[in-house]
Amino acid sequence: MALSNVAKEAAALAVTGLGDRISLHTADPGTTGASEATGGSPAYARKQTTWSGGASDGVVAGSPVSFDVQAGTYTHWGVWTSGGVFVAGFPLASSTGALPGQTTVTATPTFTAS
């Protein structure tokens, strides 16, 4: 079943309207937000994004967010409500690869409804 552009836009805006906190994950977060990054100095924390004002063919982009992370490989990002409820998770456009030590990872979240 294919969605019309109107339906894709409505779906994208509905999902991004649920949350504006972005997380970084070391594996697929599933439906619970599992495998979220931890540690670091300064400590890892979810970051707030600002979603674009409207969807175009079901695509909504957020503003870039930067995370302070410890050594590791980061493969996914997630969306959370301001109250800490997990909404959804997605693969990063490209995995960070194995980061050797404390660093900053910047990501631009984009949600696409299809």
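One-based numbering along the sequence shown. Everything numeric in this text was worked out from a predicted model, so none of it was measured.
- Listed by chain and number, the residues in a side-chain contact (heavy atoms from CB on, under 4.5 Å) with Ser63 are Thr49, Thr50 (sequence neighbours excluded).
- A salt bridge (charged side-chain N to carboxylate O under 4.0 Å, His left out) check over residues 18-35, counting only residues at least two apart or in different chains, returns nothing.
- For Ala113 against Ala12, the heavy-atom pair with the smallest separation is CB-N, 3.9 Å.
- Residues passing the ring-ring contact (aromatic ring centres under 6.0 Å, His included) test with Phe86 are Trp80, sequence neighbours excluded.
- Sorted by first and then second residue, the ring pair (Phe, Tyr, Trp, His ring centres under 6.0 Å) pairs involving residues 88-114 (not counting sequence neighbours) are Trp77-Phe90, Phe90-Phe111.
- With sequence neighbours left out, Ala7 forms a side-chain contact (heavy atoms from CB on, under 4.5 Å) with Leu3, Ser4.
- Separating the OG1 atom in Thr73 from the CG atom in Leu92 is a distance of 11.0 Å, to the nearest 0.5 Å.
- Listed by first and then second residue, the ring pair (Phe, Tyr, Trp, His ring centres under 6.0 Å) pairs involving residues 9-36 amount to none (not counting sequence neighbours).
- With rounding to the nearest 0.5 angstrom, the CD atom of Gln70 is 12.0 Å from the OG1 atom of Thr103.
- Heavy-atom minimum distance, Gly19 versus Val79: O-CG1, 3.5 Å.
- Of all the heavy atoms in Val65 and Pro109, the pair that sits closest is CG2-CD, 4.5 Å.
- Residues passing the side-chain contact (heavy atoms from CB on, under 4.5 Å) test with Ser66 are Thr104, Thr106, sequence neighbours excluded.
- Sorted by first and then second residue, the ring pair (Phe, Tyr, Trp, His ring centres under 6.0 Å) pairs with a member in residues 29-54 read Tyr44-Phe67; sequence neighbours excluded.
- For residues 30-48, the set of pairs meeting the salt bridge (charged side-chain N to carboxylate O under 4.0 Å, His left out) definition, not counting sequence neighbours, comprises Glu36-Arg46.
- Under the 4.5 Å side-chain heavy-atom criterion for ILVMFWY residues, no single connected hydrophobic cluster contains both Val85 and Leu18.
- Annotation: side-chain contact (heavy atoms from CB on, under 4.5 Å) contacts of Thr112 (sequence neighbours excluded): Val59, Thr110.
- In this structure, Thr26 and Thr38 have side chains that are not in contact, with every pair of non-hydrogen atoms separated by 4.5 Å or more.
- Using a 4.5 Å heavy-atom cutoff, the side chains of Thr81 and Val87 are in contact.
- Pairs of residues two or more places apart, or lying in two chains, never qualify as salt bridge (charged side-chain N to carboxylate O under 4.0 Å, His left out) while including a residue from residues 91-109.
- Residue pairs meeting the salt bridge (charged side-chain N to carboxylate O under 4.0 Å, His left out) criterion with at least one member in residues 102-114, sequence neighbours excluded, do not occur.
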